[in-house]
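Labels below follow one simple rule: chain letters A, B, ... track the order of the sequence lines, proteins then strands, and each chain is numbered from 1. Not measured: the values here are computed from a predicted model.
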There are 2 protein chains.
Amino acid sequence: MVYTEKRIEHALRQGGYKITPQRRTIINAVINSHEHLTPAEIHGRVRRENPGIGLVTIYRTLEILASLNLICEMHAGGNCRSYLMRRPLEHHHHLICSDCGTVIDFTDCNLGELERRLSKETSFKISGHLLEFVGQCRKCRGKTLVGQDINA
Amino acid sequence: MVYTEKRIEHALRQGGYKITPQRRTIINAVINSHEHLTPAEIHGRVRRENPGIGLVTIYRTLEILASLNLICEMHAGGNCRSYLMRRPLEHHHHLICSDCGTVIDFTDCNLGELERRLSKETSFKISGHLLEFVGQCRKCRGKTLVGQDINA
DNA sequence: TACTAAATGAAAAAGATTTTCAATTAGCAC
DNA sequence: GTGCTAATTGAAAATCTTTTTCATTTAGTA
Ligand SMILES: [Mn+2]
Ligand SMILES: [Mn+2]
Ligand SMILES: [Zn+2]
Ligand SMILES: [Zn+2]
């Protein structure tokens with residue numbers, strides 16, 4: 001199921017939100033990028049088409065889109081800035097280069113059984129999960145010799 | 001293997017860092033908490049023992065401790081502030097309540113095989129992973145009816 | 001005890017995100 | 001189409017978080 005502009009606008013309407021030119025522009029910027037963008041980056045792109053648009057509107061729109069599950073946030077290791085990214089075509093996860101930031105998507109995670117067990121043991125109603133592997137890409141290997149575990 | 005003050009100080013010395021009263025206080029604050037604390041929260045606690053200590057010193061010390069793998073950061077969904085947390089006794093992951101922020105640790109993740117495959121396919125040298133489940137705890141359930149997927 | 005590089009804290013700077021509020025506008029009723 | 005109204009927008013200010021600078025202090029060592 002692909003997230004087209006039409007579908008996203010439909011979802012917005014369903015949620016009781018209005019369709020404004022600003023929102024249209026933002027949605028297009030996000031749809032048309034295959035990268036994970038920060039609000040500031042989205043602002044930069046959106047301005048090319050609509051120079052007057054404010055960064056605040058980006059934040060507000062992204063918040064709505066995220067609340068409707070149309071896009072979502074990404075939390076990379078290292079410096080924990082909030083990176084917003086486009087909603088992909090399907091559930092997937094990331095493999096991130098800790099040096100250059102390259103992000104590779106992958107789709108299989110097989111966490112269903114673990115999720116079921118946790119849910120049972122803790123009485124949580126689990127609604128999602130975040131899985132990221134961190135390492136060094138081929139390019140970046142050979143420069144440093146670190147190897148850190150980002151879990152805790 | 002438990003991270004006592006002594007062991008952490010040893011690791012600092014090994015890394016070429018000096019042991020200062022400030023660092024001692026910060027380490028103790030982190031060791032003695034079973035919660036995940038932000039730099040500001042750590043500052044608050046540390047000040048009770050050493051009122052003059054600056055927030056900058058917290059940041060600097062936490063950065064060192066993280067670089068030595070003695071503590072690490074946590075990236076929760078929702079508002080992506082960087083939460084620092086104490087290094088637990090072993091590799092583990094989190095189950096987080098999206099409403100009240102309660103964090104439950106769990107240790108099994110069985111990601112070895114997936115990691116090996118990814119590593120092979122992408123030529124990444126994988127050094128760690130981050131796995132978090134998000135949901136609603138028992139208490140918080142019954143209030144709202146959301147159910148979001150935090151992946152992308 | 002003296003030396004020196006490392007560490008500290010105050011203050012400023014830099015960034016990111018949120019709040020406020022007056023002006024504008026999308027969607028709807030007529 | 002016209003007008004109404006609540007939602008939306010953007011500028012500015014306010015908040016927060018994190019980093020940088022720099023003068024002063026201090027831990028570790030000889
Ligand atoms: Mn933990
Ligand atoms: Mn992705
Ligand atoms: Zn890389
Ligand atoms: Zn809860």
Side-chain angles (χ1 to χ4, degrees), chain A residues 5-6 8-27 29 36-44 46-68 71-85, chain B residues 5-6 8-27 29 36-47 49-68 71-85:
Chain A
E5 190 183 348
K6 289 255 179 272
I8 291 178
E9 288 185 10
H10 178 76
L12 276 179
R13 266 186 254 274
Q14 288 286 312
Y17 299 102
K18 294 180 177 176
I19 308 298
T20 66
Q22 291 92 336
R23 286 183 181 165
R24 255 192 243 278
T25 314
I26 293 169
I27 290 167
H36 304 83
L37 306 169
T38 63
E41 285 169 341
I42 293 173
H43 189 215
V46 150
R47 278 180 127 163
R48 297 205 284 260
E49 190 173 334
N50 179 342
I53 199 168
L55 180 56
V56 218
T57 300
I58 311 289
Y59 274 102
R60 289 193 277 231
T61 301
L62 292 174
E63 189 181 344
I64 291 170
L65 293 177
S67 79
L68 292 174
I71 59 168
C72 61
E73 298 178 1
M74 123 158 208
H75 309 265
N79 63 343
C80 171
R81 292 296 148 62
S82 80
Y83 301 122
L84 276 151
M85 54 187 180
Chain B
E5 190 182 347
K6 289 255 180 273
I8 291 178
E9 288 184 11
H10 178 75
L12 278 178
R13 268 187 252 275
Q14 288 286 312
Y17 300 102
K18 295 180 178 177
I19 309 297
T20 66
Q22 291 91 336
R23 286 183 179 166
R24 255 193 244 277
T25 313
I26 294 169
I27 290 166
H36 304 83
L37 305 169
T38 63
E41 284 170 341
I42 293 172
H43 189 215
R45 297 184 183 210
V46 150
R47 278 180 127 162
E49 191 174 332
N50 180 342
I53 199 168
L55 180 55
V56 218
T57 300
I58 311 288
Y59 275 100
R60 290 194 276 232
T61 301
L62 291 174
E63 189 182 344
I64 291 170
L65 294 176
S67 79
L68 293 173
I71 61 168
C72 61
E73 299 177 1
M74 122 157 208
H75 310 264
N79 61 344
C80 171
R81 292 295 148 60
S82 78
Y83 302 122
L84 277 151
M85 58 187 178

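- Taking each heavy atom of B:Arg13 and B:Ile19 in turn, the nearest pair found is NH1-CG1, 3.3 Å.
- Separating the NE2 atom of B:His43 from the C1' atom of D:dT19 is a distance of 16 Å, rounded to the nearest angstrom.
- Under the 4.5 Å side-chain criterion, counting only non-hydrogen atoms from C-beta, A:His10 is not in contact with A:Lys6.
- Proximity of a side-chain donor or acceptor of A:Glu41 to a complementary backbone N or O of A:Thr38 within less than 3.5 Å is detected.
- Within the 4.0 Å cut-off from OP1 or OP2 of C:dA7, not a single side-chain nitrogen or oxygen of B:Arg60 is found.
- Distance B:Ile58 CD1 to D:dT18 P: 12 Å, rounded to the nearest Å.
- The CG atom of A:Leu37 sits 14 Å away from the P atom of C:dA16 (whole-angstrom rounding).
- Between the A:Thr57 side chain and the A:Ile53 main chain, no donor and acceptor come within less than 3.5 Å of each other.
- Rounded to whole Å, atom C1' of D:dT9 lies 14 Å from atom CZ of A:Arg47.
- The distance between atom CD of B:Glu63 and atom P of C:dA7, rounded to the nearest whole Å, is 12 Å.
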Scan nucleotides 26-30 of chain C against the protein and return all N/O pairs shorter than 3.5 Å with their distances rounded to 0.1 Å.
| from | atom 1 | to | atom 2 | distance (Å) |
| --- | --- | --- | --- | --- |
| C:dA26 | O3' | A:Ile19 | O | 3.3 |
| C:dA26 | N3 | A:Lys18 | NZ | 3.0 |
| C:dG27 | OP1 | A:Ile19 | N | 2.8 |

### Task
List the steps and the verdict of side chain to side chain contact (heavy atoms under 4.5 Å, CB included) for A:Thr20 and A:Thr61.
CA-CA 10 Å; A:Thr20 66; A:Thr61 301; over 6 Å; no
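- Closest to the side chain of B:Tyr59, from the set D:dT17, C:dG9, C:dT8, is D:dT17.
- The two residues A:Ala29 and A:Val46 come nearest to each other via the heavy atoms CB-CG2, 3.7 Å.
- Rotation axes derived from the C1' atoms of the five outermost pairs at either end of the helix from C:dT1-D:dA30 to C:dC30-D:dG1 lie 40° apart, to the nearest 10°.
- The two atoms that bring A:Pro21 and A:Thr25 nearest to each other are O-OG1, 2.7 Å, heavy atoms only.
- Here D:dA14 presents its C1' atom at 15 Å from CG of A:Leu55, a figure rounded to the nearest Å.
- Remark: the backbone N or O of B:Lys18 is paired with a side-chain donor or acceptor of B:Arg23 at under 3.5 angstrom.
- In this structure, the CD1 atom of A:Ile53 is 14 Å from the C1' atom of C:dT25, given to the nearest Å.
- Computed from coordinates, the B:Leu12 CG to C:dA7 P distance equals 9 Å when rounded to whole Å.
- Checked for salt-bridge contact, B:Arg24 and B:Glu9 meet the test: a charged N lies under 4.0 Å from a carboxylate O.
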